[in-house]
Amino acid sequence: MVTTRQLPSRLHHTAYTTKDMEKTRAFYEESLGCRWWRPGAKADELFGKVRTYCHCFFGLADGGALAFFQFADTDDERTFSPPIAETPFHHIALKVDHATQEAIAQRLQAAGYTAPDTFVLEHGYCRSLYIKDPNGMLLEFTRDAPNAAQIAQERQADAHATLQRWLRGDHTSNNL
């Protein structure tokens, strides 16, 4: 059983690279409505060489941010920008309420985003709006079901047993 312990209070930021900061800025600031803050033009000695880059943060409601780097040198871009996996299982999930999810969906539609770059899944415990950003990264805007706390409590109560059952080969779904 896990005991209460000191944990990080929130995600400060998560960082990625982009090949086109302007497209990235327009998507996160205009289409999603994130606050654009602290853009920085920098040149730092990193890993034995001076690297020149632009570094931008796009703020979330809790004070955290999604950050992006664009390198001036194409060799640096190749070195520090691995390809983004084309899988729905690598993504960032951000919690939103009903009004925010609807507003984001409307802004995406107004900006011309359509399937397959955006889609909705009803998971039972939440409703998720997915969108692929200009860099190919998948974002999920998740709205909890009204009974999400109850579902979480039930899943926590049988978490270890569920994992052991699944690892033994019983893959029966417990996803409400």
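Each residue takes its place number in the sequence, starting with 1. Bear in mind that the values here come from a model prediction, so they are computed numbers and not experimental data.
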Can you tell me how far [atom2] of [Y] sits from [atom1] of [X], rounded to the nearest 0.5 angstrom?
{"X": "Asp20", "Y": "Asn135", "atom1": "CG", "atom2": "CG", "value": "8.0 Å"}
{"X": "Lys23", "Y": "Thr18", "atom1": "NZ", "atom2": "OG1", "value": "9.5 Å"}
{"X": "His91", "Y": "Asp133", "atom1": "NE2", "atom2": "CG", "value": "13.5 Å"}
{"X": "His55", "Y": "His13", "atom1": "NE2", "atom2": "NE2", "value": "5.0 Å"}
{"X": "Phe27", "Y": "Phe58", "atom1": "CZ", "atom2": "CZ", "value": "10.5 Å"}
{"X": "Thr142", "Y": "Asp97", "atom1": "OG1", "atom2": "CG", "value": "12.5 Å"}

Does one hydrophobic cluster hold both [X] and [Y], with members joined at side-chain heavy-atom distances below 4.5 Å?
{"X": "Trp36", "Y": "Leu32", "value": "yes"}
{"X": "Phe68", "Y": "Phe57", "value": "no"}
{"X": "Ile84", "Y": "Leu138", "value": "no"}

Side chains of [X] and [Y]: does their closest heavy-atom pair fall under 4.5 Å?
{"X": "Arg127", "Y": "Val120", "result": "yes"}
{"X": "Cys56", "Y": "Met21", "result": "yes"}
{"X": "Phe69", "Y": "Asp76", "result": "no"}
{"X": "Gln70", "Y": "Glu22", "result": "no"}
{"X": "Arg165", "Y": "Thr172", "result": "yes"}

Near Gln109 CD, under 6.0 Å, is it more than 12 heavy atoms from other residues, nucleotides or ligands? no
Around atom CD of Gln153, are there more than 12 heavy atoms from other residues, nucleotides or ligands closer than 6.0 Å? no
Does [Y] offer a backbone N or O that forms a donor-acceptor pair with the side chain of [X] under 3.5 Å?
{"X": "Asp158", "Y": "Ala161", "answer": "no"}
{"X": "Gln101", "Y": "Phe141", "answer": "yes"}
{"X": "His171", "Y": "Trp166", "answer": "yes"}

Grab the two heavy atoms, one from [X] and one from [Y], that are nearest each other, plus how far apart they are.
{"X": "Glu30", "Y": "Arg107", "value": "O-CD, 3.7 Å"}
{"X": "Leu60", "Y": "Cys34", "value": "CD2-SG, 4.4 Å"}
{"X": "Ala111", "Y": "Ser31", "value": "CB-OG, 3.5 Å"}
{"X": "Tyr125", "Y": "Ala148", "value": "O-CB, 4.2 Å"}

Thr17 vs Glu77, test: side chain to side chain contact (heavy atoms under 4.5 Å, CB included). Steps then yes/no. CA-CA 8 Å; Thr17 58; Glu77 180 184 305; over 6 Å; no
Ile92 and Met137: CA distance, side-chain angles, deciding distance, side chain to side chain contact (heavy atoms under 4.5 Å, CB included) verdict: CA-CA 8 Å; Ile92 299 171; Met137 185 167 56; 3.8 Å; yes
Check the pair Phe80, Phe71 against ring-ring contact (aromatic ring centres under 6.0 Å, His included), reporting the backbone distance first and the verdict last. CA-CA 9 Å; Phe80 297 110; Phe71 291 95; 5.4 Å; yes
Which label fits Tyr130 and Phe119: parallel for a plane angle under 30°, tilted from 30 to 60°, or perpendicular past 60°? parallel
Determine whether the side chains of Gln150 and Glu154 contain a donor N or O and an acceptor N or O closer than 3.5 Å. yes
Under a plain distance cut-off of 3.5 Å, with no hydrogens placed, do Tyr16 and Thr14 share a side-chain donor-acceptor pair? yes
Less than 3.5 Å apart, which donor and acceptor atoms pair up between the side chains of residues 40-47 and the rest of the protein, not counting sequence neighbours?
| from | atom 1 | to | atom 2 | distance (Å) |
| --- | --- | --- | --- | --- |
| Asp44 | OD2 | Tyr53 | OH | 2.5 |

Return the set of residues passing salt bridge (Lys or Arg N to Asp or Glu O under 4.0 Å) with Asp73 (not counting sequence neighbours), or none when no residue passes. Lys49
